[in-house]
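The next block holds one structure in the form of structure tokens; read it before the comments.
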Amino acid sequence: LQLRCSEDRLARALQTLQTLIEICPLAIIEVDREMTVSSWNPAAQSIFGWAANEAVGKPLPIMSQEQLDGVRRTIPPKLDSSPVIEMEAERRSKDGRKINVSLWITARRDDAGAISGYVAFVPTADGYRLRPLDGLAPIVGDEIDLGEDGGRLRVSRIATSPLPLD
């Protein structure tokens, strides 16, 4: 009975996480160490133009081969010293346009702690940025309630530099 309750809670948590990824206004892109896309949310499609079925299972389409090679060389050492990398970069859309974006990249790690892939969070290309609701900004240490059985998130870091509104 206890195992069944744990399985139910885990299934609800997974469903909540999947919902958050699907409705998030930020592109959430997950790749393996070889830069093959394993997850591509609807915001990624809105920003870059490729549908999930066009991106998943293929090399990350928003970067040239040269950029992919550079990421493979430079990102792992940076993630050894910091859990999140914040950067600005030029990427490309499906129709070939160059898009300047801000990115937050973190490592996905295996049970031994080795990097097994990366997750990138990218705001919309039009400069959208998250704004506090009714002037209420979260403070580091605050907890955000995800609703009944959804658990809670603890704010551990707040971005302090605004994204440009080009």
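Because only heavy atoms are used, hydrogens play no part in the values below, and waters and symmetry mates are left out as well, while side chains stay in.
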(request) Working to the nearest 0.5 Å, report the span between CD1 of I115 and CG of L79. (result) 5.0 Å
(request) Nearest 0.5 Å please: distance from the CG atom of L60 over to the CD atom of E34. (result) 13.0 Å
(request) Considering non-hydrogen atoms only, spot the tightest contact between A27 and A43 and give its length. (result) N-CB, 3.6 Å
(message) To the nearest 0.5 Å, what is the distance between CD1 on I62 and CE on M35?
(response) 8.0 Å
(request) Kindly say whether I85 contributes a backbone atom to a donor-acceptor pair with the side chain of S82 at under 3.5 angstrom? (result) no
Donor-acceptor pairs under 3.5 Å, side chain of residues 45-54 to any protein atom, not counting sequence neighbours: which ones?
unit_1	atom_1	unit_2	atom_2	d
S46	OG	P42	O	3.3
E54	OE1	A51	N	2.7
E54	OE1	K94	NZ	3.2
E54	OE2	K94	NZ	2.5

(request) Determine yes or no for a side-chain-to-main-chain donor-acceptor pair under 3.5 angstrom, with T36 supplying the side chain and D32 the backbone. (result) no
(message) Working to the nearest 0.5 angstrom, can you tell me the gap between R12 CZ and R9 CZ?
(response) 7.5 Å
(request) For D95, check side-chain hydrogen bond (donor to acceptor under 3.5 Å, both in side chains) against everything at least two apart and list the hits. (result) S93, R97
(message) Using the salt bridge (charged side-chain N to carboxylate O under 4.0 Å, His left out) criterion, which residues pair with R72? Sequence neighbours excluded.
(response) D69
(message) Counting C-beta onward and ignoring hydrogens, is there a side-chain heavy-atom pair between V119 and S39 closer than 4.5 Å?
(response) no
(message) Please determine whether side chain to side chain contact (heavy atoms under 4.5 Å, CB included) holds for the pair F121 and N41, giving the CA-CA distance in whole Å, both sets of side-chain angles, and the decisive distance to 0.1 Å.
(response) CA-CA 10 Å; F121 301 85; N41 77 339; over 6 Å; no
(request) Determine yes or no for a side-chain-to-main-chain donor-acceptor pair under 3.5 angstrom, with R92 supplying the side chain and M63 the backbone. (result) yes
(request) Could you tell me the separation between the OH atom of Y118 and the CZ atom of R108, rounded to the nearest 0.5 Å? (result) 10.0 Å
(message) Counting neighbours of CD on E90 that are heavy atoms of other residues, nucleotides or ligands and sit closer than 6.0 Å, is the number greater than 12?
(response) yes
(message) Within this structure, what is the CG-CD distance for the pair L20 and Q15, rounded to the nearest 0.5 Å?
(response) 11.0 Å
(request) Would you name the heavy atoms of V37 and A55 that are closest together and state the gap between them? (result) CB-O, 3.3 Å
(request) Using atom types as modelled and distance alone, determine if a side-chain donor or acceptor of Q67 lies under 3.5 Å from a backbone N or O of R91. (result) no
(message) Restricting to non-hydrogen atoms, name the atom on P123 and the atom on S102 that form the minimum distance, rounded to 0.1 Å.
(response) CD-O, 3.1 Å
(request) Over all heavy atoms of both residues, which pair between D80 and R109 is shortest? Give the atoms and the distance, please. (result) OD1-NH2, 4.0 Å
(request) Write down the atom of A89, the atom of L103, and the distance for their closest heavy-atom approach. (result) CB-CD1, 3.6 Å
(request) For Q65, look at atom CD and say whether over 12 heavy atoms of other residues, nucleotides or ligands are found less than 6.0 Å away. (result) yes
(message) Is it the case that atom NZ in K78 sees more than 12 heavy atoms from other parts of the structure closer than 6.0 Å?
(response) no
